[in-house]
Peer 1: 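Have a look at this one before I ask anything.
Chain identifiers are assigned alphabetically (A, B, ...) following the order of the sequence lines, protein sequences preceding nucleic acid strands; residue numbering begins at 1 within each chain.
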2 protein chains.
Amino acid sequence: MALTAKGLATRQRIIEGTSAHLRSDVPGTVTLDDIRAITGTSKGQLFHYFPGGKEELLLAVARFEADRVISDQQPHLGALTSWAAWTRWRNAIVARYRAQGPSCPLGTLMDQVGATPGAAEVAAALLARWQGMIRAGIAAMQAEDLVDPALDADRAAAAFIAGIQGGVQILRSTGESTHLEAVVDLLIEHLRATRDGAGGR
Amino acid sequence: MALTAKGLATRQRIIEGTSAHLRSDVPGTVTLDDIRAITGTSKGQLFHYFPGGKEELLLAVARFEADRVISDQQPHLGALTSWAAWTRWRNAIVARYRAQGPSCPLGTLMDQVGATPGAAEVAAALLARWQGMIRAGIAAMQAEDLVDPALDADRAAAAFIAGIQGGVQILRSTGESTHLEAVVDLLIEHLRATRDGAGGR
DNA sequence: GATTTTCTGGACTTGAGGGTCCAAAAAATG
DNA sequence: CATTTTTTGGACCCTCAAGTCCAGAAAATC
């Protein structure tokens, strides 16, 4: 099956259309008919481009969304080299997830494809990439002696990932961003405290 | 509709049976037929005791599970009055969720009833209760001057909740408890650091 | 421009699963 | 013990949604 330019465009339209639908209002669950309606396609097309059916389609959308998660935090996430940068990053995250509200495209997808090995792999890849970037930021701070070099950067990065993940989950179900803010702020404070001494706020 | 003792027992059997099923192996999704099979009941009974159908039934199970979440952390969670107690609590959480592995009864339920207002209320109630107990623990430590009294106990408790939530979620999909351990450990370290000075590990 | 490949539309099948209904058995009631 | 209420079983219905199939339109290929 070789795809022509037209075919590729259609395939992309399906992915992006589904993504857009997840982004806006009451998804909860997505059906192939929803996707058909939004993207102006037929069942035949859906299975033509995604022979594996719904699962393969949703997984493709999940990969697309995963990239967005990272890129939405840029350029901040890629340059955590000063406390000011950390603050900007923190604000970007809070703003992004507040704006997103209870929808959370990736979350919805994961709920639906959750069990499959493919989904786990997508999630693991995203988390690993994300954690790696935070770790790089911490390492950069350590190189400039702004964070205690004895701190385990990878472990701290893992803590950030867990905290953000949980904070977003709570934001998703309550609509409140206080938990997300609290955990990120405290973890950043902790990074500072290792260097400045107690109560370094 | 007044329930006799027999009726009440059946109702309870349905809830606990469903709960047990969620706890053990590959749930992902639960159907009324699953529940029928496990609890040895008929459709008629299911709707007799839960006129609201599947949603009402699952919500009842969710409430049952929510109680378990708290009680599984006892007696540690109720008496966070020394660093040793905090460590025991931390170990209890890690052990509990590691043992549970990727199943997570409450998570499965929330995925399925997620959208409804009732589910949000159950989740919010659990989180509030949980956070309150952690806050009480922090306050106790502050009273004994083991934690900086200037620290916002409620905010710190919120951070713990978010961190645990995220750590469990990651454990659920990767099978690794490193994130959960990292975030809880770092937050506890942070509590200590506010009092002991920098690097108080 | 004939032929082969790719793309598109939509009717149809299939199955799962939630919910309804009613009648029989069992308890409670008095 | 007659009657009323509760409990139980299971056949049936209905909807929704994934997936199949095939024929016709549009591109590509030579």
Peer 1: Ignoring hydrogens and angles, tell me if any N or O in the side chain of B/Ser177 forms a donor-acceptor pair with the backbone of B/Leu180 under 3.5 Å.
Peer 2: no
Peer 1: Quick check on side chain to side chain contact (heavy atoms under 4.5 Å, CB included): which of B/Glu121, B/Glu56, B/Glu55 does B/Thr116 satisfy it with?
Peer 2: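 Between B/Thr116 and the candidates, side chain to side chain contact (heavy atoms under 4.5 Å, CB included) is satisfied uniquely by B/Glu55.
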Peer 1: For B/Phe50 and D/dT7, give me the distance from atom CZ to atom P, rounded to whole Å.
Peer 2: 12 Å
Peer 1: For B/Arg36, run the side chain to side chain donor-acceptor pair (under 3.5 Å) check against B/Asp34, B/Asp33, B/Thr39 and tell me which one passes.
Peer 2: B/Asp33
Peer 1: What is the minimum heavy-atom distance between A/Leu59 and A/Gly118, and which atoms define it?
Peer 2: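 That would be CD2-CA, 3.9 Å.
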Peer 1: For A/Val69, does its backbone N or O pair with a side-chain atom of A/Gln73 as donor and acceptor, under 3.5 Å?
Peer 2: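 Such a contact is found between A/Gln73 side chain and A/Val69 backbone.
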Peer 1: Roughly how many Å is it from CG in A/Leu57 to P in D/dA17, rounded to a whole number?
Peer 2: 15 Å
Peer 1: Could I get a table of every N or O pair under 3.5 Å where one atom is in the protein and the other is in nucleotides 18-21 of chain D?
Peer 2:
residue: D/dA18; atom: OP1; partner: A/Lys54; partner atom: NZ; Å: 2.6
residue: D/dA18; atom: OP2; partner: A/Leu32; partner atom: N; Å: 2.8
residue: D/dG19; atom: OP2; partner: A/Lys54; partner atom: N; Å: 3.1
residue: D/dG19; atom: N7; partner: A/Lys43; partner atom: NZ; Å: 3.2
residue: D/dG19; atom: O6; partner: A/Lys43; partner atom: NZ; Å: 2.9

Peer 1: Below the 4.0 Å mark, does D/dT8 have OP1 or OP2 next to a side-chain nitrogen or oxygen of B/Tyr49?
Peer 2: yes
Peer 1: Just how far, in rounded Å, is P of C/dG18 from CD1 of B/Ile35?
Peer 2: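 Those two atoms, CD1 and P, are 8 Å apart.
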Peer 1: Once you round it to whole Å, what is the distance between C1' of D/dA27 and CG of A/Leu3?
Peer 2: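 A/Leu3 atom CG is separated from D/dA27 atom C1' by 13 Å.
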Peer 1: Within the side chain of B/Glu181, is there an N or O that forms a donor-acceptor pair under 3.5 Å with the backbone of B/Val94?
Peer 2: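 No.
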Peer 1: Is it the case that over 12 heavy atoms from other parts of the model lie below 6.0 angstrom from the CZ atom of B/Arg98?
Peer 2: no
Peer 1: Side chain of A/Thr4, heavy atoms from C-beta onward: which of C/dT8, D/dG9, C/dT6 has the nearest atom to it?
Peer 2: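 Nearest nucleotide to the side chain: C/dT6.
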Peer 1: Under a 4.0 Å heavy-atom cut-off, which of residues 6-19 of chain B touch DNA chain C?
Peer 2: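 Only B/Lys6 qualify.
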Peer 1: Would you indicate, yes or no, if D/dT7 has its OP1 or OP2 atom less than 4.0 angstrom from a side-chain nitrogen or oxygen of B/Gln45?
Peer 2: no
Peer 1: Do the rings of B/Trp86 and B/Trp89 sit parallel, tilted or perpendicular, given the 30° and 60° boundaries?
Peer 2: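 B/Trp86 vs B/Trp89 ring planes: perpendicular.
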Peer 1: Please report, rounded to the nearest Å, how far the P atom of C/dT20 is from the CG atom of B/Leu46.
Peer 2: 12 Å
Peer 1: Name the closest nucleotide to the B/His48 side chain, picking from C/dG9, D/dT8, C/dT6.
Peer 2: D/dT8
Peer 1: For A/Val30, does its backbone N or O pair with a side-chain atom of A/Lys54 as donor and acceptor, under 3.5 Å?
Peer 2: yes
